[in-house]
Amino acid sequence: MSTQYDPEAIELAAQKHWDDSHCFEVGEDPDKEKFYCLTMFPYPSGKLHMGHVRVFTISDVIARYQRLQGKHVLHPMGWDAFGMPAENAAIKNQVPPAKWTYSNIEEMRGQLNRLGYGFDWRREVTTCRPEYYRWEQWLFTRMFKKGLVYRKNSVVNWDPVDQTVLANEQVIDGRGWRSDALVERREIPQWFMKITDYADELLDELDRMPGWPDSVKTMQRNWIGRSEGVELSFDVKGEDDPLTVYTTRPDTLFGVTYMAVAAEHPLATKAAAANPDIAAFIEDCQKTDAAEATLETMEKKGMPLGISAIHPLTGDEVPLWVANFVLMSYGTGAVMAVPGHDARDWEFAKKHDLPITQVIAPADGSDIDIDEAVYVDKGVTVNSGKYDGLDFESAFNAIADYFEETGRGRRTINYRLRDWGVSRQRYWGTPIPIIYCDDCDAVPVPEKDLPVVLPEDVTVTGAGSPLKDMPEFVDVACPNCGKDARRETDTFDTFVESSWYFARYACPDAADAMLDERAAYWTPVDQYTGGIEHAILHLLYSRFFQRVMRDEGLTDVSEPFTNLLTQGMVLKDGAKMSKNKGNTVDPQELIDRYGADTVRLFMMFAAPPEQALEWSDDGVQGSFRFLKRFWSAVTDHVEGGRAGDVDAAALNDAQRDLRRKTHQTIAKISDDIGRRHSFNTAVAAAMELLNAVNKLDDASEQGRAVVREALEAVVIMLSPMVPHICHELWSALGNESSLVDERWPEVDESALEMDLVELVVQVNGKLRGRVSVASDADKDTIEAAALGDDNVQRFIDGQAIRKVIVVPRRLVNVVV
RNA sequence: GCCCGGGUGGCGGAAUUGGUAGACGCAGCGGACUUAAAAUCCGCUUCGAGAAAUCGAGUACAGGUUCAAGUCCUGUUCCGGGCACCA
């Protein structure tokens, strides 16, 4: 064999071997323990970027590791193929989105193969294909029949110049990205899915998901935002209907000094009709984009409506304001303001000179000045009439009881979570399978007429969906009454496609059903890997869809992803790699120069998977250098012929030390990959072992035997990260088998035993010496040895020893 | 603004359950090999003092708990992710 490490030759040979043996194509085998390893599928944007390489390598490492553990591993790949970039490319280059997308997929599939990922390509799923999206349309019509979808008006960003709806991403500093016009909020009818019907289940189940990071579970809990509160009615002077507000702090009710409604609220609309200033203010409120971050960070503005509500307990008049920070989409679109005990209300009251009343006092009796600082903690009620002197819970219950008894309010549970708006005014997406008839209203497309196929031969101009100008698409007979009717031209949010693709991989060719019995074998996903940026939306929508599919009888599984790994971004010069910033590194160039294994190794070694990874050209060099050392360590060894087996009883000290290191390393790497997903430390441990192998200059029979044992272990254990070089070295070591069919090495506990251990000795917590003691030495022996150290005695310096703390096999701390 | 992370040598990072701060690698410095360069190999490498032994300081900042804190607690600060139409 060649002594020169030639990555391209060995990588192409290894890839050919995997292809020819079809080793990554898996069927269902009920006798084997299955492991479904999945990565978030990519949007086919053109070429692979470093973020892709990172996430797919992590996933491939886990998949290959689990296979070496003897599991039956499914590792599929597909394409999240609908989305805005295809339309943007279409406008720019005059290429139909479909054509652009399919050619990107071809390019990227080739790159994935060159990186040596062990995907089962027979299961490839492409979401823009009718065979895929027809089932999503089908499920939507089932949800329609169950009342799980509905249509209502909701807010979009409107570009008044381009006369088109903009995504939040297309709004830059409140202006349209092409027209530069000030964006307006506008309401249009859109379809919604009732994810709120599942809010409690989605929330409660988080407590039983040990395989997810706590941070993601916390984010989802906060996003769902379940709160227990009270709905209260305030009479409004001159109005028949009362104004209803929701509060989680009814204990502060006596502190209400004003109320505020959203700009879209009917009371505001009514007041605007009579007052041009208010009308102007409301119009001004519309001149902003719809993103919550914008609303929350912009200057809090408001205006009195000139009408008053009546405080339900005191009978006082409370002025009504319209304010830009009240959201029509949350709660009732109106809030009661308690400036003494709510930070935002306090600031607003200060600014507009509204009264601030203290109605809660600190429970510890300390004094506060409510004019100086807001007090938001729970405490004891004051200035609250007959409700004075109550703690939070008593006040909450007393006031809630009063409102329920008088029929003016009720205890209620509120969610921050809103129903999922799935309509998009875009072309390149799944057509929403609805037909509008003047007589029958919105009618779902019957199952026999599915899929509603998206025409692919179109010209995209950027001014609205081209579907609107295609009578052959739009004009259709009502499935109910046969009258002339119009097809919906909006398409689904692309999150709909990504909310169930993981299940479809189990049975991508199922022609008669969304899922078949193969899904029961493979789902749920055992290990899901993807970007932390998907911590809420994609992962929550998928959990919702899984339950919708369950309730449709398609599966018994409720939670789609048992274990979740969220990987960090790839940065260069401290910023995310992106075309905009011009700081991208093309993975293909590095593959051409160093080979796929070097790129994979650097990705795994440079940072733990959850953290951001700082790109380093020098670091890539280092990974390449390591692989060259690895290559020559093995090829040098096999030049001496195949070494025999280890005879543990015949080893000298140096041989025993290396063998101990080998088995310590097996234990460490197994734990690092299998449990901790700490790939960087696993690689470091393999490097250390290889350094130790290179230091042992011993051509004796047992010397070569312990080296072979170490090298074989390293070859197997590094193979998930650098599969090609390991494939080649495995056969170089004289093995007939294919490495992918091997088993992970086992720890020989007897090799780990040690006679002596080194302990650290501290005096008052500071390191002052080291002692070697027998590994089974008792506390007194250890103490005596520690006190016998010269430097330790120097620091004790005759002072009285107050305490000696002995931590077995670690340290001794002498407290004087 | 709100929610979730993170901050450790010149750099990426390690320290897994509160117990030796800096594993492993990069860069740098010194040496070997070479006519020379590249490649490779060996040694040193947190900062300060010292010939050395060793000592002092040190994990964003300010406090606290503990025999012992990078790790736990309180407050601050900076950076990143998400905020419902980017994917």
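Values below: every heavy atom of this structure, side chains too, minus hydrogens, waters and symmetry copies. Letters A, B, ... are given to chains in the order of the sequence lines, protein chains preceding strands, and every chain is numbered from 1. What you see is a predicted model, and the numbers here were worked out from it, not measured in a lab.
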Check whether any side-chain nitrogen or oxygen of [X] sits under 4.0 Å from OP1 or OP2 of [N], and answer yes or no.
X: A/Arg810; N: B/rG18; value: no
X: A/Asn680; N: B/rG12; value: no
X: A/Asn691; N: B/rA23; value: no
X: A/Arg424; N: B/rC85; value: yes
X: A/Asn791; N: B/rC55; value: yes
X: A/Gln611; N: B/rG13; value: yes
X: A/Lys576; N: B/rG80; value: no
X: A/Arg768; N: B/rG56; value: yes
X: A/Arg416; N: B/rC3; value: no
X: A/Asn168; N: B/rA84; value: yes
X: A/Ser616; N: B/rC26; value: no

Who does [N] pair with, Watson-Crick or G-U, both distances under 3.5 Å?
N: B/rG5; result: B/rC79
N: B/rC85; result: none
N: B/rC67; result: B/rG19
N: B/rG56; result: B/rC47
N: B/rA14; result: none
N: B/rA39; result: none
N: B/rA27; result: none

Base, sugar-phosphate, or nothing for [X], non-hydrogen atoms under 4.0 angstrom?
X: A/Arg809; result: nothing
X: A/Phe495; result: base
X: A/Glu533; result: base
X: A/Leu417; result: base
X: A/Gln190; result: base
X: A/Arg675; result: base
X: A/Phe605; result: base
X: A/Arg625; result: sugar-phosphate
X: A/His534; result: base
X: A/Arg676; result: base
X: A/Ser632; result: nothing
X: A/Phe795; result: sugar-phosphate
X: A/Trp223; result: base
X: A/Met569; result: sugar-phosphate

Could a donor-acceptor pair under 3.5 angstrom be found where the side chain of [X] meets the base of [N]?
X: A/Asn813; N: B/rC67; answer: yes
X: A/Gln220; N: B/rC3; answer: no
X: A/Gln425; N: B/rC85; answer: yes
X: A/Lys766; N: B/rU20; answer: no
X: A/Arg770; N: B/rU20; answer: yes

Item to complete: Using the P atom on both, measure B/rA14 against B/rG25 and round to a whole Å.
Response: 15 Å

Tell me: [atom1] of [X] to [atom2] of [N], nearest whole Å?
X: A/Asn583; N: B/rG80; atom1: CG; atom2: C1'; answer: 15 Å
X: A/Asp618; N: B/rA27; atom1: CG; atom2: C1'; answer: 7 Å
X: A/Tyr594; N: B/rG25; atom1: OH; atom2: C1'; answer: 15 Å
X: A/Glu169; N: B/rC85; atom1: CD; atom2: P; answer: 13 Å

Worksheet entry | Candidate pair A/Asn168 and A/Asn157, rule side chain to side chain donor-acceptor pair (under 3.5 Å), full reasoning | CA-CA 7 Å; A/Asn168 284 339; A/Asn157 303 308; 2.8 Å; yes

Worksheet entry | Selection from B/rC86, B/rA39, B/rC55 that lies nearest to any side-chain heavy atom of A/Arg794 | B/rC55

Discussion item. Among A/Tyr501, A/Trp500, A/Trp428, A/Phe82, which residue satisfies the ring-ring contact (aromatic ring centres under 6.0 Å, His included) criterion with A/Tyr133?
Written reply: A/Phe82

Item to complete: In plain terms, say whether A/Arg424 and A/Asp493 are close enough for a salt bridge, that is, a side-chain N and a carboxylate O under 4.0 Å apart.
Response: yes

Worksheet item: Does A/Glu299 come within less than 4.0 Å of A/Lys351, counting only side-chain N to carboxylate O?
Response: yes

Worksheet entry | Nearest heavy atoms of A/Asp80 and A/Tyr43, plus distance in Å | O-CD1, 3.0 Å

Worksheet entry | Distance-minimising heavy-atom pair for A/Leu613 and A/Met603 | CD1-O, 3.4 Å

